[in-house]
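Written out below as structure tokens is the structure these notes cover.
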4 protein chains.
Amino acid sequence: MTLAEHATPAPRPGRRADAERNRAAIIEAAGAVFAECGGGVDVREIARRSGVGMGTLYRHFPTKDELLATVLERQFNAWLTDAYQRAVATEDPWQALAGFFEQLLGTQAGNRAVVESYASTGGPSASCIQRCYALIDQLRTRCVDAGVLRPGVTTEDLFLLSGSLSQAVLTTAESHPGQWRRLLRISLDGLSSRNAEPLPVRGMGADTPASTD
Amino acid sequence: MTLAEHATPAPRPGRRADAERNRAAIIEAAGAVFAECGGGVDVREIARRSGVGMGTLYRHFPTKDELLATVLERQFNAWLTDAYQRAVATEDPWQALAGFFEQLLGTQAGNRAVVESYASTGGPSASCIQRCYALIDQLRTRCVDAGVLRPGVTTEDLFLLSGSLSQAVLTTAESHPGQWRRLLRISLDGLSSRNAEPLPVRGMGADTPASTD
Amino acid sequence: MTLAEHATPAPRPGRRADAERNRAAIIEAAGAVFAECGGGVDVREIARRSGVGMGTLYRHFPTKDELLATVLERQFNAWLTDAYQRAVATEDPWQALAGFFEQLLGTQAGNRAVVESYASTGGPSASCIQRCYALIDQLRTRCVDAGVLRPGVTTEDLFLLSGSLSQAVLTTAESHPGQWRRLLRISLDGLSSRNAEPLPVRGMGADTPASTD
Amino acid sequence: MTLAEHATPAPRPGRRADAERNRAAIIEAAGAVFAECGGGVDVREIARRSGVGMGTLYRHFPTKDELLATVLERQFNAWLTDAYQRAVATEDPWQALAGFFEQLLGTQAGNRAVVESYASTGGPSASCIQRCYALIDQLRTRCVDAGVLRPGVTTEDLFLLSGSLSQAVLTTAESHPGQWRRLLRISLDGLSSRNAEPLPVRGMGADTPASTD
DNA sequence: GATGAATGAGCTTTCATTCAT
DNA sequence: TATGAATGAAAGCTCATTCAT
């Protein structure tokens with residue numbers, strides 16, 4: 001699996017060139033529109049900006065949701081690829097991990113509206129998540145091998161952390177841009193092997209729905 | 001400012017009793033409905049469950065958004081009050097802070113859909129946030145005085161952390177309930193005075209919007 | 001069960017007067033529009049002619065199909081009632097049966113477009129059919145008792161005949177109006193007890209799809 | 001006019017062979033699809049089943065309606081031919097007539113598009129109807145000559161009967177397959193010379209549009 | 001004041017037909 | 001000439017909000 005495949009999926013061979021161009025135009029326009037107006041926009045607006053008719057749009061994406069999902073997945077995959085590429089180029093395992101988070105979140109900070117849209121769709125697709133897992137796992141393994149990561153920290157923990165900090169990015173982007181970096185630093189310090197206490201076992205004190213009135 | 005004022009706002013005088021009852025019924029029903037179905041529900045559903053007509057609902061809340069905001073604020077305030085009350089009853093300052101987060105997030109875990117709705121409305125209202133700040137600040141000050149908190153950690157950091165972990169609660173509620181506690185533990189460890197490195201200055205490397213294609 | 005109930009369903013008590021008026025307006029307009037343009041018309045056209053908004057229309061009839069069904073059912077029930085009333089007033093059992101068909105089909109001849117719409121909806125509703133069955137069955141029984149009906153003829157046969165002749169009404173309405181009466185006469189003669197040969201058993205020689213090329 | 005001309009129109013000279021093959025494929029697929037789904041199907045479905053593209057389909061048939069008409073005409077003509085051939089091979093005139101109906105109806109059992117066409121235009125196409133008239137007329141004449149047909153029965157009556165029974169075939173195809181044969185038998189009995197009463201004159205009691213509210 | 005029926009712009013989606021490749 | 005992508009005008013339906021009763 002090459003990274004390029006994710007960034008720019010190979011055009012299916014039997015495809016006409018203009019169809020491919022339209023598909024790209026739709027995705028691009030949708031990305032822009034979703035970013036500006038959120039996932040609630042009228043599909044017409046996307047069609048208008050793409051320069052294609054409604055029918056064309058629906059030929060490529062049978063549902064608005066599917067379009068949204070595709071766009072978000074592509075964006076996220078691109079960010080992921082960028083962040084990962086820089087991470088593998090970093091020698092120090094800890095710096096690689098930290099830089100990965102730093103860059104991924106930094107990119108998201110510049111694309112708030114896109115990240116916000118993830119809420120409506122239940123987040124990136126399963127395949128997208130899997131890929132993210134895989135990338136994080138590699139970085140984690142390097143840290144474990146180097147003995148710099150707190151024992152017991154799982155890939156799931158790190159993945160969850162990235163999602164959690166995404167929220168911080170979103171929250172602070174307008175009023176306190178960059179403040180999320182402080183949180184990232186705090187979390188990373190908590191992840192360093194300097195902290196040896198075992199983490200809570202998942203499932204302990206599992207959450208139970210409760211009324212609040 | 002007493003806590004009671006937040007939990008149950010003083011009934012405006014001169015108001016008919018049944019109007020007050022209706023208002024309460026609406027808020028309660030809306031809370032339940034928003035919790036179940038998210039912020040996208042049909043207003044009719046709320047009216048139905050409240051037992052009031054649409055007109056009455058709109059007399060009390062001129063907009064759906066305003067209703068949503070009111071409900072969310074009330075809920076959040078209630079959670080806040082609960083968590084704070086337990087925290088002040090805890091002697092050890094660090095345990096007080098940790099317990100505050102633990103309980104606040106634990107409550108949110110049981111009310112996922114409510115928390116989700118915050119996304120649509122831009123979070124709790126300003127007054128709500130201010131109160132949260134105030135409460136956290138008290139807990140933080142105690143920790144600072146006891147010398148257990150990492151130097152340089154601000155109330156804003158802690159507030160941001162709570163919002164960030166809220167996201168983790170949401171994400172994991174279904175598949176990995178309770179995993180957020182591991183993240184909380186990691187963050188708290190990163191917040192302990194054992195970590196002395198200075199945090200990044202806010203504004204450094206501030207975020208800049210960027211296209212990703 | 002009184003016949004009046006079918007012709008004009010008792011207005012539900014708690015209903016506002018104007019709602020009832022609107023509902024009636026919708027049904028009337030829909031009847032006219034369906035008759036003119038067939039079942040494929042835009043719902044907006046019905047709303048426009050009713051003088052109500054789309055929302056009102058959909059409040060009363062949650063689906064276009066349901067509106068169509070309601071309208072058709074009302075019409076058919078009215079026709080049925082008329083035809084049956086005249087039939088029971090006829091002393092001679094055979095004349096009653098014949099007159100029933102005659103009048104039912106005659107009415108349909110004057111409302112072709114309505115009848116045509118039955119095709120799109122799969123015919124009148126189940127309750128409507130049941131009622132038709134019941135009415136036909138009474139007339140059939142009288143004929144059987146009087147010994148004027150061919151032995152073995154079932155209510156289903158007669159019901160099917162009426163649908164079949166409906167088609168003839170439709171076919172000839174424009175070019176040869178009234179010709180269906182000849183077919184009716186022929187069928188009735190075939191139904192008289194003068195014909196004693198047993199009818200084919202249903203299921204014998206059941207249809208098998210066959211290609212024709 | 002030979003029968004072969006109807007069954008397989010002479011290929012226009014100068015036409016490429018694959019064009020002819022495509023045309024045939026389209027007609028065959030369209031026949032099946034229209035029969036199954038009625039005239040309302042998506043043209044794409046026909047193109048898909050034909051194995052040709054939309055452009056090809058529209059090159060051969062400039063309009064969906066024209067395609068429908070062509071298909072119906074061909075099918076109907078084929079059935080007609082079959083039924084007639086068997087009828088002429090039957091010695092007994094009455095059996096010939098009865099067998100003609102039996103086979104015609106049995107073959108087109110449940111073809112929705114055909115039945116629809118009866119309702120709207122009285123049959124597939126004018127030329128088709130004419131041919132059908134001619135065939136029926138021959139059978140009728142034989143019966144008249146043999147004195148087995150009720151006096152006064154016209155070719156139009158018989159044609160109308162076939163369309164009428166088509167409806168019965170469609171109606172019962174799913175729930176009571178084969179029941180139409182009972183109706184056919186009844187009708188045929190009504191057509192036998194045993195019934196001497198004159199049939200109503202066409203135009204007597206001609207239909208007049210009337211409102212029913 | 002309370003009620004819930006009415007409103008109508010706006011949403012997603014379909015499909016007969018055209019046209020670039 | 002064959003292909004199937006593109007078109008875009010409807011169509012069915014929803015829902016925040018208003019207003020007559």
Side-chain angles (χ1 to χ4, degrees), chain A residues 14-23 26 40-48 50-67, chain B residues 15-16 18-19 22 40-48 50-67, chain C residues 14-23 26 40-48 50-67, chain D residues 15-16 18-19 22 40-48 50-67:
Chain A
R15 205 86 173 204
R16 276 214 250 147
D18 60 343
E20 216 43 63
R21 227 180 305 126
N22 274 335
R23 190 186 168 88
I26 291 169
V41 248
D42 194 331
V43 186
R44 282 169 176 82
E45 178 61 22
I46 297 170
R48 208 172 305 133
S50 320
V52 306
M54 292 293 295
T56 304
L57 200 156
Y58 271 86
R59 161 178 288 275
H60 287 285
F61 303 95
T63 302
K64 186 192 184 182
D65 281 353
E66 222 152 305
L67 171 58
Chain B
R15 198 97 175 198
R16 275 171 42 180
D18 60 344
N22 274 338
V41 247
D42 194 329
V43 187
R44 282 164 179 70
E45 178 61 23
I46 297 169
R48 203 174 310 132
S50 321
V52 307
M54 293 291 294
T56 304
L57 197 156
Y58 270 85
R59 164 171 300 277
H60 286 283
F61 303 93
T63 297
K64 186 190 183 184
D65 281 352
E66 223 152 307
L67 171 58
Chain C
R15 205 85 172 209
R16 276 214 248 145
D18 59 343
E20 216 43 65
R21 228 179 306 127
N22 273 336
R23 190 185 169 88
I26 291 169
V41 248
D42 194 330
V43 186
R44 282 165 178 78
E45 177 61 23
I46 297 170
R48 205 172 308 131
S50 319
V52 306
M54 292 291 297
T56 304
L57 199 157
Y58 272 88
R59 161 179 288 276
H60 287 284
F61 302 95
T63 302
K64 187 192 183 182
D65 281 353
E66 221 152 306
L67 171 57
Chain D
R15 197 97 175 196
R16 276 170 41 179
D18 58 345
N22 275 337
V41 249
D42 194 329
V43 186
R44 279 164 181 69
E45 178 62 23
I46 296 168
R48 202 173 310 135
S50 320
V52 306
M54 294 291 294
T56 306
L57 197 156
Y58 270 85
R59 165 172 299 278
H60 286 283
F61 304 94
T63 296
K64 186 188 184 184
D65 282 350
E66 223 151 306
L67 172 58

Euclidean distance, atom [atom1] of residue [X] to atom [atom2] of [N] [Å, nearest integer]:
{"X": "B:Glu45", "N": "F:dT14", "atom1": "CD", "atom2": "P", "answer": "15 Å"}
{"X": "A:Glu20", "N": "F:dG4", "atom1": "CD", "atom2": "P", "answer": "16 Å"}
{"X": "A:Leu57", "N": "E:dC15", "atom1": "CG", "atom2": "C1'", "answer": "16 Å"}
{"X": "C:Phe61", "N": "F:dG12", "atom1": "CZ", "atom2": "C1'", "answer": "16 Å"}
{"X": "D:Arg48", "N": "E:dA16", "atom1": "CZ", "atom2": "P", "answer": "12 Å"}
{"X": "A:Arg21", "N": "E:dT21", "atom1": "CZ", "atom2": "C1'", "answer": "11 Å"}
{"X": "D:Ile46", "N": "E:dA16", "atom1": "CD1", "atom2": "C1'", "answer": "11 Å"}
{"X": "D:Leu67", "N": "E:dT17", "atom1": "CG", "atom2": "P", "answer": "11 Å"}

The dot-bracket string of DNA chain F, counting Watson-Crick and G-U wobble pairs with both distances under 3.5 Å, using [ ] for crossing pairs and | for pairs to another strand, is .||||||||||||||||||||

Phosphate OP1/OP2 of [N] contacted by [X] side-chain N/O (<4.0 Å):
{"X": "C:His60", "N": "E:dA6", "result": "yes"}
{"X": "D:Arg59", "N": "F:dT1", "result": "yes"}
{"X": "B:Asn22", "N": "E:dG1", "result": "no"}

Which heavy-atom pair separates [X] from [Y] by the least distance, and what is that distance?
{"X": "A:Leu57", "Y": "A:Val52", "value": "N-CG2, 4.3 Å"}
{"X": "C:Ala47", "Y": "C:Met54", "value": "CB-SD, 4.0 Å"}
{"X": "A:Thr56", "Y": "A:Ile26", "value": "O-CD1, 4.2 Å"}
{"X": "C:Arg23", "Y": "C:Phe61", "value": "NH2-CE2, 3.8 Å"}
{"X": "C:His60", "Y": "C:Pro62", "value": "O-CD, 3.9 Å"}
{"X": "A:Tyr58", "Y": "A:Thr63", "value": "CE2-CA, 4.2 Å"}

Does C:Arg44 contact F:dG12 through a side-chain donor or acceptor facing the base, at a distance under 3.5 Å? yes

Most 5' of B:Gly51 and A:Lys64 on DNA chain E, judged by nearest nucleotide: B:Gly51

Upstream residue (5' side of DNA chain E) when B:Thr56 and A:Tyr58 are each assigned their closest nucleotide: B:Thr56

5′-ward residue of the pair A:Gly55/B:Thr63 relative to DNA chain F: A:Gly55

Return the 5'-most residue of the pair A:Gly53, C:Met54 with respect to DNA chain F, ranking by each residue's nearest nucleotide. A:Gly53

With heavy atoms under 4.0 Å as the rule, sort D:Asp42 into base, sugar-phosphate or nothing. sugar-phosphate

